[in-house]
*Asks:* 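Here it is, the structure in full.
Order of the sequence lines sets the chain letters (A, B, ...), proteins ahead of strands, with each chain counted from 1.
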Amino acid sequence: MGDNTLVLGHRVSEWCGVAPVLEEDIALANTALDLIGQTTLWLNLAGEVEGAGRDADALAFRRDVKDFRNLLLVEQPNGDFGRTIMRQFLFDAWHQACLSALCESEHEGIAAIAEKSLKEVTYHLERASDTVIGLGDGSDESHARMQAALDRLWPYTGEMFTSDDVDQAMASAGIAPDPASLRPVFDERVTAVMTRATLTLPESDFAHKGGKTGKRHSEHLGHLLTQMQWLQRAYPDATW
Amino acid sequence: MGDNTLVLGHRVSEWCGVAPVLEEDIALANTALDLIGQTTLWLNLAGEVEGAGRDADALAFRRDVKDFRNLLLVEQPNGDFGRTIMRQFLFDAWHQACLSALCESEHEGIAAIAEKSLKEVTYHLERASDTVIGLGDGSDESHARMQAALDRLWPYTGEMFTSDDVDQAMASAGIAPDPASLRPVFDERVTAVMTRATLTLPESDFAHKGGKTGKRHSEHLGHLLTQMQWLQRAYPDATW
Amino acid sequence: DPQERAFQERIDAGGKIEPRDWMPEGYRRTLIRQIGQHAHSEIVGQLPEGNWITRAPTLERKAILLAKVQDEAGHGLYLYCAAETLGVSRDELTRDLLCGKMKYSSIFNYPTLTWADMGAVGWLVDGAAIMNQVPLQRTSYGPYARAMVRICKEESFHQRQGFDVMMKMANGTKEQRAMAQDALDRFWYPSLMMFGPSDENSVHSAQNMAWKIKMNSNDELRQKFVDQTVPQADFLGLTVPDEHLKWNEDRGHYDFSEPDWDEFFEVLAGNGPCSADRMEARNKAWDDGAWVREGLMAHAEKKKSRALAAE
Amino acid sequence: DPQERAFQERIDAGGKIEPRDWMPEGYRRTLIRQIGQHAHSEIVGQLPEGNWITRAPTLERKAILLAKVQDEAGHGLYLYCAAETLGVSRDELTRDLLCGKMKYSSIFNYPTLTWADMGAVGWLVDGAAIMNQVPLQRTSYGPYARAMVRICKEESFHQRQGFDVMMKMANGTKEQRAMAQDALDRFWYPSLMMFGPSDENSVHSAQNMAWKIKMNSNDELRQKFVDQTVPQADFLGLTVPDEHLKWNEDRGHYDFSEPDWDEFFEVLAGNGPCSADRMEARNKAWDDGAWVREGLMAHAEKKKSRALAAE
């Protein structure tokens, strides 16, 4: 969870100062801010569970590509604003479903973070839905760009619902939901929004994988880390 | 000298695989290769003169922005191909004049590197001149783009001919030419090429400064270094 | 002119002018320019800080910086709204910015080169901005004065955060201290320039003072800024890059060197170190975003006509 | 058909077909497809390595990588020239690549994620490519055979350099060794796929063998590659990610697991991990470069008409 919010928060923050309208500058900064805040909570918790003395900053700034466990979707480059907002919508739709389920986690720490995050993410989802609808059902050009964004990003959604042994163990223990169980809520939301946005969901259900497991990220994550981790890597002895 | 070739070599190498025609892919890779080769020679020499045990790699990969002594021109982003080739031409025109003078240096090591580099750079200059002429005196669009590139980059040429105490001391000792003395050769070449390219030199002779002295680089160099130095910074104990 | 006299008397009596009130054309035009430039400064001011958001060294610092940049965009929004009450649209103002007709604060034409610059911008640039803005809370134009109240509150928060970054750097490793000193070296004079050249002999300036659009002289505010900032630099253990800087017992103020006004006018003429970069970034953002603005507009139209059809 | 018989006899006798010679339409079409795909592979193949040029860890490594990528562009150029002798232009071939009609080697749809991948690409990918290409030096079409001679010489140089990077990584720090193993894990099966699915029962394939466009069966080359590579992996102290890998005394070859051919067909269908990225990069390069190509063409026209006018 923390890697997802970290990487997506970083991507969204790349828009700083260059959004299409001032209101979007504010909204994107706000989204990034929420995501980074959630990152701190999740990664601190992860550090505690690990018990090796690493805090959120150590986890965020001192791991290389292979050790990241984020969805491939969130590391995809911003592209145009349409692709950014489509990525946001697809992530938010999953994120909300996931957090809702995590509120019921047997693990108190997880449930607490989920509850706090859910409010923020519900707002993100509302906003992203509206923008996707506005641009999808907008001008010919905005419609075409949004359809292209959807086609491009759709193959990265399937990974959200795959599970491995860890996922299964967590589901059995009541710590986290079975990823596949989130699919219906996600599909319902996505279908409803795409209908109003007059956009067509791709027929292929091919799914890229390898981000969540860390087995094969895309080439983009490494470039993101060169920026994100620069100061911590260049000045390992400093405190900031 | 080594910082100039290092930074420009890096910039040119960013074109890898995405040039407008295959012949340019080859030419740009070749230019970058020559520049990186020259960098190794210059920075190894600089390390020897410094006498602190730093080799070319240590100088290239372990210094931060403030310690770089390159012209602001070479750290400017690639922009479109027109801006890249205009930057190359302006640099080559100065570089050739400078290397020609350095062949006469009292310092044998410097003279030897200059002589070796001069052949390569003479070829770069020929090639860049031809391309600037071809695109300047090409279609309306290519003409407009080349004029825009010239207008944008011209304020970064003045810095080539400024001098400080170090420059003066080197000139007196016969180690390096007085920077100002290179201006006539540069101006002649540039004027000749721009005439054939049907491009107009900007009237203002305002010059940005601060790269050569390291006092005030542009924001672009720092981003370049995050990429260039990533592996050395992330894995300081490794050999490659 | 009795109308003008009444207007001036109301200002002299400490009254506020509101959007529907009569006002002299010069007053309106000057305010539009001033508020517009201020708004543009908030917008362009996102860029030098945005330059380090993706490289912020900790999650907390990243969050603080994001919050700050978000505030700046918010300030831009209030200010454009204030300007709109004077009969000029945000799009018009934006177009004037993008073609270079309107200016923004010259300070944002300087680059941010190390993380210490995030400290220096907060400490010095926001510090100077506050010095300029606090008196404007009492400016005669109501919407502007009210916007300033909100903005000043947030700015002083930013300044404290900037000083905190600076403190961490000044008390950090050798490299961090060097960055802190270098940031002060680079931002000191540009910060002094933020108050503008001496306006002792400017008639223009006298009129603006009478209208309470301008509340203090540039030199007065600059002196105040120096007096406030030098002890802070001392506290940080950093050296202000001015060999003539000295406490003057008689005046009860610091004596200090003037910034290089030639540089200031070069920056104003578009030759600042980052002027071209900033304009390029804003123009690109605007051009790239055209389809989004048009798309959203088209959607709004569709919704409206659907609603009409449903009536 | 006596013409076709004569053609086949000439090939059987080890003769070369040259551009002006008569040839069956199927021979021409197959060659265009094969040479074109090979050329495209060289071009697209620049991207996964270009991905690390700006992050190369030393000046020497950066130079070696640049030289390699330059060679690849050069190979692309020879091959497009060879294809042009068959009556198809480089622009036509490029357009077919960009719209997805023509393919390139599926291996380039896999990402390069660490510096060790620069080693793995040289060692495994170039290794497999050479295994494919060496026999093609004896292919029946003259221009293609001659291009292959040049290319093979350079490729084997690249392979040695790749192995050298791999060796440095395998003998480096703990992190470097982990990167080396991870690179082998990710590139092993995609390298095996480079030889294509088993073609035992393909008629198509038999015809190409007769024409000496294809010199060996896919399985034969794959086996050769495995036999050559496994001892090298042992030498590096790395583990081939195949639990069924075992030396088979009887066959005198290694037994090994088949790659996941479903994955292969997905990649072929455009669903490789980087397929969309690669096509986007090439399309962008082509579109962004349109003005350059048009500008240079316009200049050439101007020069020609000036030269004519001067006559």
*Asks:* Which one, D:G295, D:A290, D:A285, leads in non-hydrogen pairs under 4.5 Å with chain B?
*Replies:* D:G295

*Asks:* Roughly how far, to the nearest 0.5 Å, is CG of D:L296 from OG of B:S139?
*Replies:*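 Taking OG in B:S139 and CG in D:L296, the distance rounds to 9.0 Å.
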
*Asks:* D:R282 side chain to B:G17 main-chain N or O, any donor-acceptor pair under 3.5 Å?
*Replies:* yes

*Asks:* Mind ranking D:V69, D:L77, D:T94 by heavy-atom pairs under 4.5 Å with chain B and telling me who comes out on top?
*Replies:*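 Answer, by heavy-atom pair count under 4.5 Å with chain B: D:L77.
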
*Asks:* Surrounding CZ of B:R62 (heavy atoms of other residues, nucleotides or ligands, distance under 6.0 Å), is the total greater than 12?
*Replies:*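 Yes.
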
*Asks:* Where on B:Q232 is there a heavy atom nearer than 4.5 Å to chain D: the side chain, the backbone, both, or neither?
*Replies:* side chain

*Asks:* Examine whether an atom of D:M297 lies under 4.5 Å from a heavy atom of chain B, and if so say whether it belongs to the side chain, the backbone or both; otherwise answer neither.
*Replies:*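 When you check distances to chain B, no heavy atom of D:M297 falls under 4.5 Å.
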
*Asks:* Going from CH2 on B:W240 to CD on D:E60, what distance comes out if it is rounded to the nearest 0.5 angstrom?
*Replies:*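 Between atom CH2 of B:W240 and atom CD of D:E60 there are 14.5 Å.
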
*Asks:* Which region of D:T173, side chain (C-beta onward) or backbone (N, CA, C, O), has a non-hydrogen atom less than 4.5 Å from a non-hydrogen atom of chain B, or is it both or neither?
*Replies:* side chain

*Asks:* Can you tell which of B:D237, B:I133, B:V21 has the highest number of heavy-atom pairs within less than 4.5 Å of chain D?
*Replies:* B:I133

*Asks:* Check each atom of D:A56 against the heavy atoms of chain B and say whether the ones under 4.5 Å are side chain, backbone, both or neither.
*Replies:*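 Interface part for D:A56: backbone (N, CA, C, O).
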
*Asks:* What are the two closest heavy atoms between B:C16 and D:G50, and how far apart are they?
*Replies:*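 Scanning both residues completely, I find the closest heavy atoms to be SG-CA, 3.5 Å.
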
*Asks:* Non-hydrogen atoms of chain D under 4.5 Å away: do they reach the side chain of B:L6, the backbone, both or neither?
*Replies:* side chain

*Asks:* Need one label for B:A27: side chain, backbone, both or neither, based on atoms under 4.5 Å from any heavy atom in chain D.
*Replies:* neither

*Asks:* Quick one: what part of B:A56 sits under 4.5 Å from any heavy atom of chain D, side chain, backbone, both or neither?
*Replies:*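 For B:A56, heavy atoms of backbone and side chain both lie under 4.5 Å from chain D.
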
*Asks:* Counting heavy-atom pairs closer than 4.5 Å to chain D, which one of B:T39, B:L135, B:D137, B:I26 comes out on top?
*Replies:* B:D137

*Asks:* Tell me the closest heavy-atom pair linking D:Q70 and B:A29, and the distance in Å.
*Replies:*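 Closest approach of D:Q70 to B:A29: CB-CB, 3.8 Å.
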
*Asks:* Let me know if B:F61 has heavy atoms under 4.5 Å from chain D in its side chain, its backbone, both or neither.
*Replies:*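 Contact with chain D is through the side chain of B:F61 alone.
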
*Asks:* At a heavy-atom distance under 4.5 Å, which candidate from D:A73, D:A300, D:G45, D:P57 has the highest pair count against chain B?
*Replies:* D:P57

*Asks:* For residues D:I43 and B:L22, determine if any side-chain heavy atom of one lies less than 4.5 Å from a side-chain heavy atom of the other.
*Replies:*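 Yes, side chains in contact.
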
*Asks:* I'd like to know if D:R90 and B:E23 make a salt bridge, using a cut-off of under 4.0 Å between side-chain N and carboxylate O.
*Replies:* yes

*Asks:* To the nearest 0.5 angstrom, please state how far the CG atom of B:L33 sits from the NZ atom of D:K62.
*Replies:*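 If I round to the nearest 0.5 Å, the distance is 11.5 Å.
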
*Asks:* Sort D:L59 into side chain, backbone, both or neither according to what part of it lies under 4.5 angstrom from a heavy atom of chain B.
*Replies:*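 Both backbone and side chain.
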
*Asks:* Atom CZ of residue position B:R196 - does it have more than 12 heavy atoms of other residues, nucleotides or ligands inside 6.0 Å?
*Replies:* no

*Asks:* Heavy-atom cut-off 4.5 Å, strictly under: side chain, backbone, both or neither for D:M118 against chain B?
*Replies:*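 Neither part.
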
*Asks:* Charged N to carboxylate O below 4.0 Å: is that the case for B:D57 and D:R61?
*Replies:* no

*Asks:* Could you check which of B:D25, B:N30, B:D34, B:T40 has the highest count of heavy-atom pairs closer than 4.5 Å to chain D?
*Replies:*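 Between B:D25, B:N30, B:D34, B:T40, the count favours B:N30.
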
*Asks:* Between D:R55 and B:W230 (side chain of the first, backbone of the second, donor and acceptor by atom type, cut-off under 3.5 Å), is there such a pair?
*Replies:* no

*Asks:* What closest approach, in Å, do B:V18 and D:A281 show between heavy atoms, and which atom pair accounts for it?
*Replies:* CG1-O, 4.3 Å

*Asks:* Would you check if B:Y235 and D:E175 make a side-chain contact, meaning some heavy-atom pair closer than 4.5 Å?
*Replies:* yes

*Asks:* Counting heavy atoms not belonging to B:D140, are there more than 12 under 6.0 Å from its CG?
*Replies:* no

*Asks:* Enter the distance from B:I36:CD1 to D:I53:CD1 here, rounded to the nearest 0.5 Å.
*Replies:* 10.0 Å

*Asks:* Hey, could you give me the CZ/CH2 distance between B:F81 and D:W291, rounded to the nearest 0.5 Å?
*Replies:*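 Answer rounded to 0.5 Å: 7.5 Å.
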
*Asks:* Within the supplied structure, the quantity of interest is the number of heavy atoms (other residues, nucleotides, ligands) at a distance under 6.0 Å from B:K116 NZ; does it exceed 12?
*Replies:* no

*Asks:* By a 4.5 Å heavy-atom criterion (distance strictly below it), what part of D:V292 contacts chain B: side chain, backbone, both, or neither?
*Replies:* both

*Asks:* Going by distance alone, is a donor N or O of one side chain under 3.5 Å from an acceptor N or O of the other, for D:T54 and B:E14?
*Replies:*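 No pair is found: no donor N or O on one side chain lies under 3.5 Å from an acceptor on the other.
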
*Asks:* Between B:R11 and chain D, with a heavy-atom cut-off of 4.5 Å, which part of the residue counts as in contact: side chain, backbone, both or neither?
*Replies:* neither

*Asks:* For the candidates B:H143, B:E141, B:R145, which exhibits the highest count of non-hydrogen atom pairs separated by less than 4.5 Å from chain D?
*Replies:*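 Ranked by contacts with chain D, first place is B:R145.
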
*Asks:* Keeping D:K302 on the side-chain end and B:G138 on the backbone end, is there a donor-acceptor pair under 3.5 Å?
*Replies:*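 Answer holds: yes.
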
